[in-house]
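To keep things clear, I will list the structure first and then write my remarks on it.
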Amino acid sequence: MKLTIGHLYPDLLNLYGDRGNIQCFCKRLQWRGIDCEVIPYLSGDRVDFDKLDIVFLGGGSDREQEIVCHYLMEIRESFYNYIEDNGVVLAVCGGYQLLGKYYQTDCKKIEGLSILDITSEWNEPRLIGNIVLNSPLSSRPVVGFENHAGRTNIGSHTAFGSVVRGHGNNGTSGQEGVIYKNLVGTYLHGPLLPKNPEICDYLLSCALKRKYGNEIALSPLEDTLEHNANKIMADRQE
Ligand code: GLN
């Protein structure tokens, strides 16, 4: 068995160690004897979604988002079809915002892919700090770090989690991120997956099921370190 991960535009979307999410996907597959290939697509590269089992889109500054949105528009239709066909996607912060209709910055409107029915608008102050959620995708709290000016309204979409500590989508709704089919969009950097291995395994299971057509039980891993790291952040009062 093998999964192929497409890393979209690491030359532009690469904040706060987001690529650690890809290392986590790969390691947790390799530890179980499952092969993993990572294909980085730089801005302007042709993306062949038929080859991909997981797509990762990281975070970026307003400036980088403005550049990257043009490249994303070029692949919109195939990206949309991939998502509708239950392709697995993890999109963080700037990448998450760009899957929606638009991100209105303090000075311009950056057009999004309109794959998610969400909108984001810049405001002060930036929403920065450690964040803890309860998510239907994890029996443990989901922990991470957020740093965004965008306030995201997710309309009738399902949230990735409810905020226990921190700001989340907009600082007022008590919601964080979005789950749509096999896509998770979130403001959590950190990176997200090493501290929340259940989320990683959930996404890997979705990708394996889509590719091989049946439920593939992932063997349990020795996650004491990961769980300790998660617990320290979940219990930290700040
Ligand atoms: N530029 C966006 C914002 O500030 C996203 C930032 C990020 O990816 N961390 O809302």
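Remember, it's 1-based here, ligands and their atoms both numbered in the order they're listed. Just so we're clear, the structure is a prediction, and the values are computed from it rather than from any experiment.
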| note | Near ligand 1 (heavy atom, under 4.0 angstrom), the protein residues are L15, Y16, G59, G60, S61, D62, Q65, C93, G94, Q97, Y103, R126, N147, H148, A149, G150, H189

Without placing hydrogens or testing angles, list every side-chain donor-acceptor pair under 3.5 Å for residues 71-80, not counting sequence neighbours.
unit_1	atom_1	unit_2	atom_2	d
R76	NE	L113	O	2.6
R76	NH2	L113	O	3.1
S78	OG	I75	O	3.3

| said: Can you tell me how the ring of Y187 sits relative to the ring of H148, calling it parallel under 30°, perpendicular over 60° and tilted otherwise? | reply: parallel

| message | Please check this pair: side chain of D85 against backbone of G87, looking for a donor-acceptor N/O pair closer than 3.5 Å. | response | no

| query | Using links of under 4.5 Å between side-chain heavy atoms of ILVMFWY residues, direct or through other members, which residues join W31 in one cluster? | reply | L221

| field | Electrostatic pair E121:R151 at N-O distance under 4.0 angstrom | value | no

Which donor-acceptor pairs under 3.5 Å do the side chains of residues 1-12 make with protein atoms, sequence neighbours left out?
unit_1	atom_1	unit_2	atom_2	d
K2	NZ	E37	OE1	2.8
D11	OD1	S43	N	3.3
D11	OD2	S43	N	3.2
D11	OD2	S43	OG	2.5

